[in-house]
Amino acid sequence: MIKHLLSGGDLDADTATEILDTAAEMATVAGREIKKLPALRGRTVVNLFYEDSTRTRISFEAAAKRLSADVINFSAKGSSVTKGESLKDTALTLQAMGADAVVVRHPASGAPHRLANWVDGSVVNAGDGTHEHPTQALLDAYTMRSRLGRLAGLSVAVVGDVLHSRVARSNVLLLTTLGAKVTLVGPPTLIPVDIAGALAPGTDVSYDLDSVLPNVDVVMMLRVQRERMNDSYFPSAREYARRYGLDGPRMRRLPEHAIVMHPGPMNRGMEITPEVADSRRSTIVEQVTNGVSVRMAVLYLLLGGNNR
Amino acid sequence: MTAYLITSVSVVGAAPTDLLIRDGVVAEVGPGLSAPDATVVDGAGLVALPGLVDLHTHLREPGREDAETVESGSRAAALGGYTAVCAMANTSPVADTAGVVEQVWRLGREAGLVDVQPIGAVTVGLAGERLAELGAMADSAARVRIFSDDGHCVADPKLMRRALEYVKAFDGIIAQHAEEPRLTEAPRCTRVRSPPGSA
Ligand SMILES: [Zn+2]
């Protein structure tokens, strides 16, 4: 098992599959009356969040607690961080406290990689800048596998603001490793020109959502911030929704079995309409549930819960 | 079925020959053609050219119909040998929405003399601040592929970059009047003259 989880590209197919299989076992715990395993009793997991993300933090916290770990939530707001303490000093503090794992969310791309050099415990990247969010990619892969029964050979469209999306990058890396084919779709302003070659050869780029939809098994809609139009990445929310939003008529162009995913939080009416978000194809609620199981599996395996 | 026989005409500067046109299509080229049903046009001393395309036209409609209309501009273009004109966006309202470009395109079809292809504005109101709905204009009945702010110029380099990237999605092009207005604005000397008799 690897020591840290920093990138979707850190995982080979066997390791990724082991995480997904372990997550499936963890999911059975959620169905029990007492949703708790003793696996990480006495271990300390620190949630170090330099950005507000209640959803992700709560998911990691639930995962650690179901494994009986002690959880320390370290929010940058109102802490010594806002008084100018550097990431390195914070790392040394966590080290002194004996953190076995540090789950870090940071606005700077690469911050978790730096942190991994400074602490003895395992570092889990919970989202760094516009770079990566590997546990999101794992929970997405888990969700696809549960709904469609496999990952190898799947055709996955990732649609929207790829330029600013750590979810997109981690998904391209992980899904390609697991044998799926990814097509990135969006306005050319929001898709870096070199992305397919830089991340995973074989990744396709399209600017035309309608031509992609009939041939995919999965369509993953990324959150698109309305404020991007103030920087002219697209002219208006209306035009964005018309060209790249998933609405009912577009959803009906998908193959019968295809699913619709969204990492949340959604901009209803922008990248996805309520009709689609609430349809039977939508996996949005499952993704949240699966997120806890996958994060349990990641913490369990990184902290060697399986060899104790 | 309409037919025209143009006699002794020089096709793009070559030696004079005859040209038979049936239903708007060149049916035959060569000396001594005859076609009893055709209207004969004497082309002696004249040159036959393919239809010309004007990439930079101002048809002024909507908004300044006193100066020019799509119909009057089309008529002038046809008379000058043009079969297609691209109409700049500085109308009133500005051609920065699907509604306006479709209006201009339809007026061109109604005039029926040349192909009128509207050019869409790059920015809302030609103001150089925010991208206009280029995709909506591209997807409209007018199928706009050329976008320009013409003399207003897209002077903001970042906005120009976005526009160039954005139109890649539908094979559009940006036609730029390459001028930075902040550099070309003439320094002016203002002097207020006193009315005669005051002192
Ligand atoms: Zn002009």
Side-chain angles (χ1 to χ4, degrees), chain A residues 130 157-165 168 183-198 203-213 221-222 224-247 249-250 253 269-271, chain B residues 89-90 93-102 118-149 152-176 180:
Chain A
T130 56
V158 178
V159 184
D161 184 359
V162 174
L163 180 64
H164 300 97
S165 174
T183 302
L184 301 168
V185 185
T189 41
L190 291 175
I191 298 188
V193 281
D194 56 343
I195 189 159
T203 305
D204 279 344
V205 170
S206 172
Y207 307 129
D208 180 3
L209 179 57
D210 289 318
S211 70
V212 169
L213 291 177
M221 305 306 296
L222 301 173
V224 176
Q225 295 176 334
R226 278 167 209 276
E227 305 78 67
R228 299 284 180 219
M229 75 185 188
N230 300 332
D231 213 3
S232 284
Y233 284 104
F234 48 87
S236 64
R238 187 176 55 175
E239 173 148 325
Y240 184 87
R242 204 163 39 213
R243 294 183 71 82
Y244 297 105
L246 193 60
D247 58 8
R250 282 210 167 105
R253 297 172 62 99
M270 182 79 181
E271 69 268 7
Chain B
N90 63 333
V94 169
D96 59 0
T97 61
V100 177
V101 293
E102 285 195 352
I119 293 176
V122 178
T123 65
V124 175
L126 301 170
E129 287 163 7
R130 290 192 299 119
L131 283 187
E133 291 189 347
L134 308 182
M137 290 189 269
D139 293 342
S140 74
R143 297 182 47 80
V144 177
R145 289 297 180 274
I146 308 175
F147 301 90
S148 182
D149 279 3
H152 291 262
C153 320
V154 181
D156 178 344
K158 193 167 78 175
L159 196 59
M160 178 53 102
R161 174 195 168 150
R162 299 268 193 270
L164 288 167
E165 288 178 337
Y166 194 76
V167 298
K168 238 166 73 176
F170 35 84
D171 288 328
I173 64 167
I174 306 291
Q176 169 76 324
E180 162 57 280

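Everything numeric here is computed off the predicted structure, so don't read it as measured data. Below, read A as the first sequence line, B as the second, and so on, with proteins coming before strands; counting in each chain starts at 1.
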For atom CZ of B:Arg130, decide whether the heavy atoms of other residues, nucleotides or ligands shown that lie under 6.0 angstrom number more than 12. no
Part of B:Ala132 lying under 4.5 Å from any heavy atom of chain A: backbone
Looking only at atom types and distance, does a side-chain atom of B:Arg162 sit under 3.5 Å from a main-chain N or O of A:Asp231, one as donor and one as acceptor? yes
So, do A:Pro235 and B:Tyr166 sit near enough that their side-chain heavy atoms are less than 4.5 Å apart? yes
Side chain to side chain contact (heavy atoms under 4.5 Å, CB included) partner of A:Thr189, the single match among B:Arg161, B:Glu165, B:Lys168: B:Glu165
Rounded to the nearest 0.5 angstrom, the CD-OG distance for B:Glu133 and A:Ser236 is 3.5 Å
Determine yes or no for a side-chain-to-main-chain donor-acceptor pair under 3.5 angstrom, with A:Glu239 supplying the side chain and B:Gly135 the backbone. yes
When the 4.5 angstrom heavy-atom criterion is applied to A:Tyr244 and chain B, the contacting part is side chain
Within the supplied structure, the quantity of interest is the number of heavy atoms (other residues, nucleotides, ligands) at a distance under 6.0 Å from A:Arg238 CZ; does it exceed 12? no
